[in-house]
Amino acid sequence: MYALLASSNRRVSSPREPMHILLPPFRRARRLYCFHISLSIAQLSVSSLNPEETLRKLQELAKEGLDPYVVAYRFEVTARAEELRKKYSLLQPGEETGDRVSVAGRLWHVRRHGGITFMDLRDESGRIQLVVRKDVVATNPRLEKVLQFLDKGDIVGVRGRVIKTKAGEVSVLVEDLELLAISWRPIPFHEFGVKDPEQRYRERYLDIMLNSKVRSAIVGLYQVEREMRRVLDEKGFVEVHTPKLQAIYGGALAKPFVTKINALDRTVYLSIAPETYLKRLVVAGLHRVYEIAVSFRNEDIDATHYPEFVQLEAYMAFADWNDMMSLGEELISEAVKALYGSYKVEREDGTTLDFSRPWQRVNMVEAVEEALKVRVRDMSREELAELAESLGVEARDPRAGKIMEKLFEKVAMPRLKNPTFVTLFPRDISPLARPSREDPRYAERFELYIAGLEIANGYSELNNPVLQYHFFKEEEELRRALEAESHPMDRDYVRALEYGLPPTGGIGIGLYRLMMVLSGLPSIKDVIPFTITSPENVELVSESLEWLARRYL
RNA sequence: GGGCCCGUAGCUCAGCCAGGCAGAGCAGCGGGCUUUUAACCCGUGGGUCCCGGGUUCAAAUCCCGGCGGGCCCGCCA
């Protein structure tokens, strides 16, 4: 009884009209906009901001002919923040130069002191302080006006003289300032300002703006790619694009995305790897070929996996797996050098990763034996399975090699900190690799581990069409038996091999993972510029200001 | 698929264990300040305590159910 009353009271006392009811019809809004705007905006829970204040600011600016949406189409930039700080670092505190520069960027902080205002402006190079002094402002009415309405988050361009403040900071003494764009939303301007993990990925532009580690990882990936392209280019490699829409997916063992080409009414798969196409190109006589390939795998998302990722795959005719390990060492260590100026990378956790060549090489079986102190090399599938189960490793797979790999990942992989090549993978889990010239139970296949993460994979490429056909058939049977991922039969690929593939080495390097390891960021999503997020009802300031559009048309 | 944690102002969080007027800092707004560094000082507005139900004189707090999010563990780079 009481409960009923209480709950019904609560319901009565907290009614909320849906927001759209509060949004005025267009015509009426024009006449009464002041009233309606403040009303409708007040209902928006949108981030703090203060759309009302921002609207007022825009109206005031418009009156003065300073509406940035109307007047600001370009701004002549002559200097970058970081360059200025370096170039003028030797000025004495309080010293002023006559050097006039113009810089542009976003205001990060505004510190008003009455007669003097300090602002931090950031452009893509870094930060520079702006000083706006009352005596200078007095000579420039427009500056005086704009200054009233400046907020942190706004995009401005300034012209002024380079000085060093009494506190010793290189600054621009502002003589003129143009408001180039305003921010309607508050920006959490502290380092790591966006803490909510979901918001970080939803509004990634904020995370990239505010989180320097994320920003440098994203820029770093570009630098890594650039350096790897340089190294490959010098060796005569040709960069190509292979199809992302494929009739038969292959080159890896993974679940594909399924889609359709309407024009052909055909089901196609998004590329899970460029491998088989790149090797077709080697058959075609492009003896050194590579791709920085976006690949898609329709599998789970976790800290080290994301359904779309970027890998560099390179193939070199007349080379074997040893050559590819050397190439991998060179590509990655030179990229590290280009990025950090050293082959050693200090990480946040205090550890150092040493990319100096050559890197350690251990074969998988020896690594397992070393970790377990048990001789496993001649064990049967059943013996291996028993050992695995005793260590809590699932061992239902019919392939002995799969069990060996799992054992390795369980007992040996986490120990691999500095770059290490794990060599001699089991043959039966390597359908595109060439059997070892010394022991056909193994393949001439390696994987590269850094900081416990698998970063690269390569091998002496299988060029024997008869064996390739045989392995594809094995994979088909495996798929039926296991419903596990297996490599589909690709008859055109075998046909290409039948024309003759030279002895060839190949390597694939996971670039996001490499960047994860280098940056020390804990999730692969941190180094990917944009990732998918769950559906969201996005509230927009603009929606309540639709009437304002008319002013600009 | 199994286990653990979180949801309170625009943001970061306290309050919950042990039920009793809804709190702090930052951000916003108003005022002051000519050398600051996330400036500072004074003043001030701001709440669906995730949602629903239950227990109780009384629920942000206890119980049940749901929703949203995160982390760890098993399979794929």
Side-chain angles (χ1 to χ4, degrees), chain A residues 2-4 6-7 10-11 13-16 42 44-54 56 93-94 108-120 127 129-137 151-153 163-169 171 173 185-202 206 251-255 272-273 295-311 313 392-394 396-397 402 406 409-410 447-449 453-457 484-485 508-514 516 522-524 533-536 539:
Chain A
Y2 278 114
L4 273 173
S7 64
R10 206 171 298 146
R11 207 170 289 136
S13 65
S14 64
R16 278 291 154 110
L44 274 175
S45 62
V46 165
S47 33
S48 94
L49 113 106
N50 224 325
E52 282 173 279
E53 292 297 327
T54 309
R56 194 164 64 91
W108 274 51
H109 301 292
V110 177
R111 301 181 287 277
R112 294 179 192 270
H113 291 248
I116 191 166
T117 298
F118 299 93
M119 297 183 284
D120 293 341
R127 191 189 82 97
Q129 179 171 264
L130 309 178
V131 179
V132 183
R133 229 168 47 199
K134 197 174 189 175
D135 55 294
V136 181
V137 171
D151 291 300
K152 59 164 69 173
I163 64 167
K164 191 175 248 187
T165 60
K166 288 176 190 170
E169 174 146 359
S171 307
L173 179 63
R185 291 174 177 270
I187 300 172
F189 275 117
H190 311 309
E191 194 75 358
F192 299 98
V194 189
K195 282 189 181 152
D196 174 29
E198 199 194 348
Q199 196 197 353
R200 283 187 53 209
Y201 299 121
R202 278 200 196 290
L206 285 184
L253 306 179
K255 296 191 192 80
I272 60 170
S295 303
F296 304 89
R297 300 187 184 175
N298 207 347
E299 287 164 4
D300 276 352
I301 298 174
D302 62 27
T304 58
H305 297 85
Y306 190 74
E308 55 177 310
F309 64 103
V310 179
Q311 51 177 340
E313 285 203 7
V393 177
E394 192 189 293
R396 286 201 294 268
D397 199 289
K402 189 70 190 173
K406 285 191 170 189
E409 286 172 355
K410 170 85 175 183
E447 285 189 351
L448 171 66
Y449 287 83
L453 246 191
E454 181 186 340
I455 301 298
N457 182 5
E485 284 324 305
I509 302 172
L511 297 185
Y512 288 148
R513 285 209 175 161
L514 176 61
M516 267 179 84
S523 166
I524 196 164
T533 56
S534 50
E536 177 193 17
E539 289 184 359

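Below, read A as the first sequence line, B as the second, and so on, with proteins coming before strands; counting in each chain starts at 1. Side chains included, hydrogens not; waters and symmetry mates left out as well; all remaining heavy atoms used.
Regarding A/D302, its CG atom lies at a distance of 11 Å from the C1' atom of B/C73, rounded to whole Å. As rounded to whole Å, 10 Å separates atom P of B/A27 from atom NE2 of A/H109. The distance between atom CD of A/E454 and atom C1' of B/C75, rounded to the nearest whole Å, is 13 Å. Atoms CD1 (A/I301) and P (B/C71) sit 12 Å apart, rounded to a whole Å. Regarding A/E409, its CD atom lies at a distance of 14 Å from the P atom of B/C73, rounded to whole Å. The distance from atom CD of A/E53 to atom C1' of B/G10 is 14 Å, rounded to the nearest whole Å. Here the P atom of nucleotide B/C76 and the CD1 atom of A/I524 are 16 Å apart, to the nearest Å. Between the CZ atom of A/R112 and the P atom of B/U37 there is a distance of 17 Å, given to the nearest Å.
When heavy atoms are screened at a 4.0 angstrom cut-off, A/K410 is found touching no nucleic acid atom at all. As judged by a 4.0 angstrom heavy-atom cut-off over every strand, A/E169 is placed among the base-contacting residues. Among the atoms of the strands shown, base atoms are found under 4.0 Å from some heavy atom of A/D135. Using a 4.0 Å heavy-atom cutoff across all strands shown, A/N298 reaches no nucleic acid atom at all. Using a 4.0 Å heavy-atom cutoff across all strands shown, A/S171 reaches no nucleic acid atom at all. Within the nucleic acid shown, A/R127 comes within 4.0 Å of at least one base atom, counting heavy atoms only. Within 4.0 Å of A/Q129, counting heavy atoms only, lies at least one base atom of the nucleic acid. Across all strands shown, A/I455 has no heavy atoms under 4.0 Å from either base or sugar-phosphate atoms.
Using a cut-off of 4.0 Å between Lys/Arg side-chain N and Asp/Glu carboxylate O, A/R56 and A/E53 are scored as salt-bridged. Using a 4.0 Å cut-off between charged nitrogen and carboxylate oxygen, A/K152 and A/D120 do not count as a salt-bridge pair.
B/C21 and B/G54 have their C1' atoms separated by 25 Å, given to the nearest Å. Atom C1' of B/A39 sits at a distance of 14 Å from the matching atom of B/G32, rounded to the whole Å. Rounded to whole Å, the separation between the P atoms of B/G2 and B/A18 comes to 31 Å. A distance of about 40 Å separates the P atoms of B/G30 and B/C6, rounded to the whole Å. Taking the P atom of each, B/U36 and B/C17 are spaced 48 Å apart, rounded to whole Å. For the C1' atoms, the distance linking B/G15 with B/U35 amounts to 42 Å, nearest Å. Here, B/C42 and B/C33 have their C1' atoms 12 Å apart, quoted to the whole Å. Comparing B/C41 with B/C5, their C1' atoms sit 41 Å apart, to the nearest whole Å.
For B/A60, there is no paired base (Watson-Crick or G-U wobble, both distances below 3.5 Å). Look at B/C4: its Watson-Crick or wobble partner, with both distances under 3.5 angstrom, is B/G70.
When the side-chain nitrogen and oxygen atoms of A/K164 are compared with OP1 and OP2 of B/U35, none of them lie within a distance under 4.0 Å. Residue A/H113 has no polar side-chain atom (N or O) positioned under 4.0 Å from OP1 or OP2 of B/C40. For the OP1/OP2 pair of B/A39 and a distance below 4.0 Å, the side-chain nitrogens and oxygens of A/R111 include at least one atom meeting the criterion.
Rounding to the nearest 0.5 Å gives a distance of 9.0 Å between CZ of A/R185 and CG of A/L206. To the nearest 0.5 Å, atom CD1 of residue A/I455 and atom CD of residue A/Q311 are 12.0 Å apart. Summarising the geometry, atom CD1 belonging to A/I116 is positioned 10.5 Å from atom CZ belonging to A/R111; distances are rounded to the nearest 0.5 Å.
Every residue two or more places apart in sequence or in another chain that forms a side-chain contact (heavy atoms from CB on, under 4.5 Å) with A/E169 is listed here: A/R85, A/R127, A/Q129, A/T165, A/S171.
Closest to the side chain of A/R133, out of B/U35, B/C33, B/A38, is B/U35. Nearest nucleotide to the side chain of A/T165, out of B/A38, B/U35, B/C29: B/U35. Distances from the side chain of A/I116 to the nucleotides B/U35, B/A39, B/C29 place B/U35 closest. Here the nucleotide nearest the side chain of A/R56, chosen from B/C76, B/G30, B/C75, is B/G30. Checking B/A39, B/U34, B/U36 against the side-chain heavy atoms of A/A167 singles out B/U36 as nearest.
Comparing A/V110 and A/I163 by the nucleotide of RNA chain B that holds the closest heavy atom to each, the one mapping nearer the 5' end is A/I163. A residue-by-residue look at A/N457 and A/S523 shows that A/S523 has its nearest nucleotide of RNA chain B further toward the 5' end.
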### Task
Tell me, with the steps shown, if A/V131 and A/L173 meet side-chain contact (heavy atoms from CB on, under 4.5 Å).
CA-CA 5 Å; A/V131 179; A/L173 179 63; 4.0 Å; yes
### Test side-chain contact (heavy atoms from CB on, under 4.5 Å) applied to A/V110 and A/D151, step by step
CA-CA 7 Å; A/V110 177; A/D151 291 300; over 6 Å; no
